[in-house]
Amino acid sequence: MSEKRTEIGEIGEFGLIEKLGKNVRIRHQDTLLGIGDDAAVLDGGDMVRVVTTDLLLEGVHFDLSYMPLQHLGFKAVAVNISDIAAMNAIPKHITVSIALSNRFSVEAVEELYKGIYAAAEHYNIDLVGGDTTASRTGLVISVTAMGQVEKGREVYRSGAKINDIICATGDLGGALVGLQVLEREKEVFLADPNMKPNLEQYAYVTGRQLRPDARMDIIHELRDLGVVPTSMLDISDGLASELFHICKQSQVGVLIYEDKLPIDKQTFDTALEFNMDPITCVLNGGEDYELLFTIDQKDFPKLEKHPDIHFIGHVTEEKEGKFLVTKSETAVALKAQGWKHF
Ligand code: ADP
Ligand code: MG
């Protein structure tokens, strides 16, 4: 080993994954796609199988002082289902691994599993295994999800074509704003435990943070309408960061319009209350778990009237770059700040 020491922060999470992935050797023909998309894609005859995994750590990804265990169980599953949806696949099986410190009772773990079972019911999936171990640093939960889709219908980050229409589901920025509310109420409570948190007026945004729902409904609707997106991913790190993934992997540029970006009124108002720019929340807020996808223009009439799919811009040539057209009609270069873990 050389003497050189590089801090992970210098290359970032994506830089690190890229570095580690460079040396991977694929040994099996049925590995159609390994590292680099929302899920790996494996050949399964007429179908392809997709596999994804996510790791959640107490103190990094969740805070149990405001995250109820049942919600956490649901969310740990939902964030993985979101990656299966992002491949245009149907989830079927999950495994769940947990590490527990002695702070947790049997009853607490049962609460967590109530949420996991609720998600299994909601997404029509089977819990088929996992692992359980001790931890010295609180709760760790890791879920692996597997799904499938007819070969040829799977959707990668790399298929966007020039002039495709860029679509985003639901509304964005709510989960980040909800997190600010929860953090503030926690501070208020810590300062004075007699204070009762007033969360009612923030129910939508806190719900976005505490109980995200993967957009399997959209995947089923796209199938019913006969639309296969040209590229897709889920919005876990912020819209701008996800657009950068599409641009990089599809070798294209993007032009999006501020006035087309979907934001909920409560998200907008609460962002202002926190002196945050609502559009920055939409572009860089994490954990919305909506879908970002591109469609061929010929498919537009099929989705045009959908109440929850928003047409936010279009795909351009790579050399044209990545731009946001503001309400005052100036084009500003997009920056992918994303969610920084390091
Ligand atoms: P997502 O946000 O959709 O969950 P990530 O950004 O976490 O995706 O991961 C991007 C890609 O890198 C995925 O294909 C994932 O499987 C892969 N990946 C992440 N961490 C590692 C790792 N430590 N070793 C190998 N592959 C990894
Ligand atoms: Mg993803």
Side-chain angles (χ1 to χ4, degrees), residues 6 8-9 11-28 30-42 48-57 60-62 75-91 94-97 123 140-147 149 154-160 166-170 172 175-176 212-216 218-219 229 231-250 283-294 336-342:
T6 312
I8 293 171
I11 59 172
E13 180 183 338
F14 297 139
L16 179 64
I17 295 172
E18 212 173 296
K19 203 174 174 60
L20 298 174
K22 259 197 193 118
N23 296 325
V24 76
R25 221 180 96 197
I26 299 297
R27 296 185 174 79
H28 299 285
D30 64 356
T31 305
L32 299 180
L33 181 78
I35 299 171
D37 217 299
D38 293 287
V41 181
L42 313 176
V48 295
R49 297 185 188 288
V50 295
V51 185
T52 184
T53 194
D54 257 308
L55 180 63
L56 302 179
L57 266 81
V60 178
H61 301 97
F62 59 89
K75 181 169 176 174
V77 176
V79 302
N80 281 276
I81 301 307
S82 183
D83 279 324
I84 299 286
M87 304 306 291
N88 201 31
I90 308 296
I94 53 165
T95 61
V96 175
S97 300
Y123 297 115
V140 180
I141 173 162
S142 172
V143 175
T144 297
M146 290 151 277
V149 55
E154 75 275 24
V155 177
Y156 301 94
R157 296 175 175 183
S158 56
I166 305 171
C167 312
T169 63
L172 301 173
L176 171 67
D213 187 7
R215 297 309 303 263
M216 281 311 301
I218 298 284
I219 299 306
S231 71
M232 181 154 59
L233 35 53
D234 69 326
I235 306 177
S236 53
D237 290 336
L239 178 64
S241 168
E242 314 301 359
L243 284 168
F244 269 63
H245 286 308
I246 289 190
C247 288
K248 187 169 182 195
Q249 301 205 21
S250 300
L283 291 172
N284 298 320
E287 297 200 285
D288 287 313
Y289 298 105
E290 294 292 341
L291 292 170
L292 172 67
F293 57 94
T294 55
Q337 289 175 341
W339 209 225
K340 282 215 168 55
H341 280 133
F342 299 101

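In each ligand, atom 1 is the first atom listed, and ligand 1 is the first ligand listed.
In this structure, E242 falls outside the shell of residues with a heavy atom less than 4.0 angstrom from ligand 1. At least one heavy atom of S236 sits less than 4.0 Å from an atom of ligand 1.
With 3.5 Å as the limit, one finds no donor-acceptor pair spanning the side chains of Y156 and N88.
Checking D37, I35, I235 against atom 13 (C) of ligand 1, the nearest heavy atom belongs to D37.
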Open item on the list: As a quick check of understanding, evaluate side chain to side chain donor-acceptor pair (under 3.5 Å) for S142 and S97, giving each step before the final call.
Closed with: CA-CA 5 Å; S142 172; S97 300; 5.4 Å; no
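One N or O on the side chain of N80 and one on the backbone of D54 form a donor-acceptor pair closer than 3.5 Å.
With the Mg ion (ligand 2) as the vertex, atom OD1 of D38 and atom OD1 of D234 span an angle of 100° (nearest 10 degrees).
Residue contacts with ligand 1: G36 is placed with a nitrogen or oxygen under 3.5 Å of a nitrogen or oxygen of the ligand (distance criterion only). Looking at D38 next to ligand 1, an N or O pair under 3.5 Å apart turns up.
Less than 4.0 angstrom separates atom 16 (O) of ligand 1 from none of the non-hydrogen atoms of the protein. Taking a distance limit of 4.0 Å, we find that atom 24 (N) of ligand 1 is approached by no protein heavy atom.
Close approach of ligand 1 to F14 is summarised as follows: ligand atoms under 4.0 Å from at least one heavy atom of the residue are 6 (O).
The two residues I84 and A145 make their nearest non-hydrogen contact at CD1-O, 3.6 Å. When every heavy atom of R157 is checked against every heavy atom of S231, the shortest pair comes out as O-CB, 3.8 Å.
Of the heavy atoms in R157, only side-chain atoms (C-beta onward) come closer than 4.0 Å to ligand 1.
Taking backbone and side chain together, E242 holds no N, O or S atom under 2.8 Å from the Mg ion (ligand 2).
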